[in-house]
Visitor: 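First the structure, then my questions, so here it is.
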Amino acid sequence: MQRQKLLINGERLKNELERFANYGRTENNGVTRLSLSEEDRLVRDYFCSCCEELGMSIKVDDMGCIYATLEGVEDKPPILIGSHLDTVKKGGRFDGVLGVVAGLEIVRTLVENHIQPNIPITIVNFTNEEGARFEPSMMASGVLSGKFEKSVMLKKTDSDGIVFEEALHASGYAGERENRLKDAAAYLELHIEQGPILDKESLSIGIVECVVGMVCYEIEITGDSNHAGTTPMDMRRDALFAANNLITEARKRLGAIDSELVYTIGRVNVFPNIHTVIPNKVVFSLEARHKNQEIISLVENIIRELPQSSLTEGCAVKATKLWDRDTVWFEKEICNLLEQSAELFGYSHKRMVSGAGHDAQFVAGFIPSAMLFVPSINGKSHCEEELTAWEDCEKGVNVLLETVLTMLSK
Ligand SMILES: [Zn+2]
């Protein structure tokens, strides 16, 4: 049966995103809405009032995640739409909130068209995705998926010494364990790209195939400290010169592997870090991300070969793996539906990977999940300049709605 193509209300979506941004809006039109802060409590209240107005029922779980459900004809596992309402300090108006407001706009469109879905639709707000106030990030979805231990998470503190558990209770959003997300037909998360690719290629929609895996090493170089003025150059074992050589070598070799590989030396510590003393120790991190495990293995081979390099200036070099994380692949069938929906509307699109972490990567462990990206202008995110064109937000939600309708018609 041919069903009518439904469109969301772009103007209403824009107004709602601006309304949500009022909770914690900064001087420069960004948002500071740290998890379980007063701003977060107020935006949660507002979100719940919007959902109740639409006749949705609200549940809260023991990690403070909110689930607002529009009843279906049949009482079956719902289609889940959502993301997070918390932000980093001086963050933007789109990261996270777009995925939640998208759910709201989809339900509004269904309700005003008198469509009762045959299975329920649930909008979810995951607590503390950003990890900006309480580390780690994706805390609640991590607990729900069994990746993090709840008792450990409850004891996490913010920079003022406030414990997560206290903040959760103070917010009024400490709910029941039995309300936790267990089963759903699908989880759909619309999110801004937080990178420059879609914007640079003038595309509106990114169908996210995976969240890329990564590996992180620590390289420790040990040389000799001595007087910077009296020690001839050929009698030194300078750990920083060795680090410089090895970083250059690693960059050259990693750069030759694959154009999609990204790698970062984000932390370097030099000891004793005194200008009159030859450095006797340098410790630096080296992380790399790629969707294919074979590429990550090549990266690890290169890192493990660094200690045997001829470029070590006579210093001892040790490479230690700190941790790694496998690529999380999203549900192929849902990715195909998202792609078909984008095509139906004639929106420009491509398949891509996510280099950043999202709640969906944990949820994907127990619910068929997929993500959709819309462009971040100039690739800016986690800052007040974060911006996505309103038309692109609208397109993203249209694709999501179409995908939901296709799922419901099956
Ligand atoms: Zn986010």
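All ligand and atom numbering here is 1-based and tracks the order in the structure. Each residue takes its place number in the sequence, starting with 1.
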Visitor: Please say whether more than 12 non-hydrogen atoms of neighbouring residues, nucleotides or ligands are located less than 6.0 Å from NZ in K150.
Guide: yes
Visitor: Could you please give the number of protein N/O/S atoms within less than 2.8 Å of the Zn ion (ligand 1)?
Guide: 3
Visitor: For atom CD of Q116, is the number of surrounding heavy atoms from other residues, nucleotides or ligands below 6.0 Å larger than 12?
Guide: yes
Visitor: Are R44 and Y173 in a cation-pi contact, defined as NZ or CZ under 6.0 Å from the six-membered ring centre and within 45° of the axis?
Guide: yes
Visitor: Just to verify, what does Y46 make a ring-ring contact (aromatic ring centres under 6.0 Å, His included) with, not counting sequence neighbours?
Guide: F20, Y23
Visitor: Is it the case that S381 and S376 place a side-chain donor and acceptor less than 3.5 Å from each other?
Guide: no
Visitor: With a 6.0 Å cut-off (strictly less than), is the heavy-atom count around CD of Q308, excluding the residue itself, greater than 12?
Guide: yes
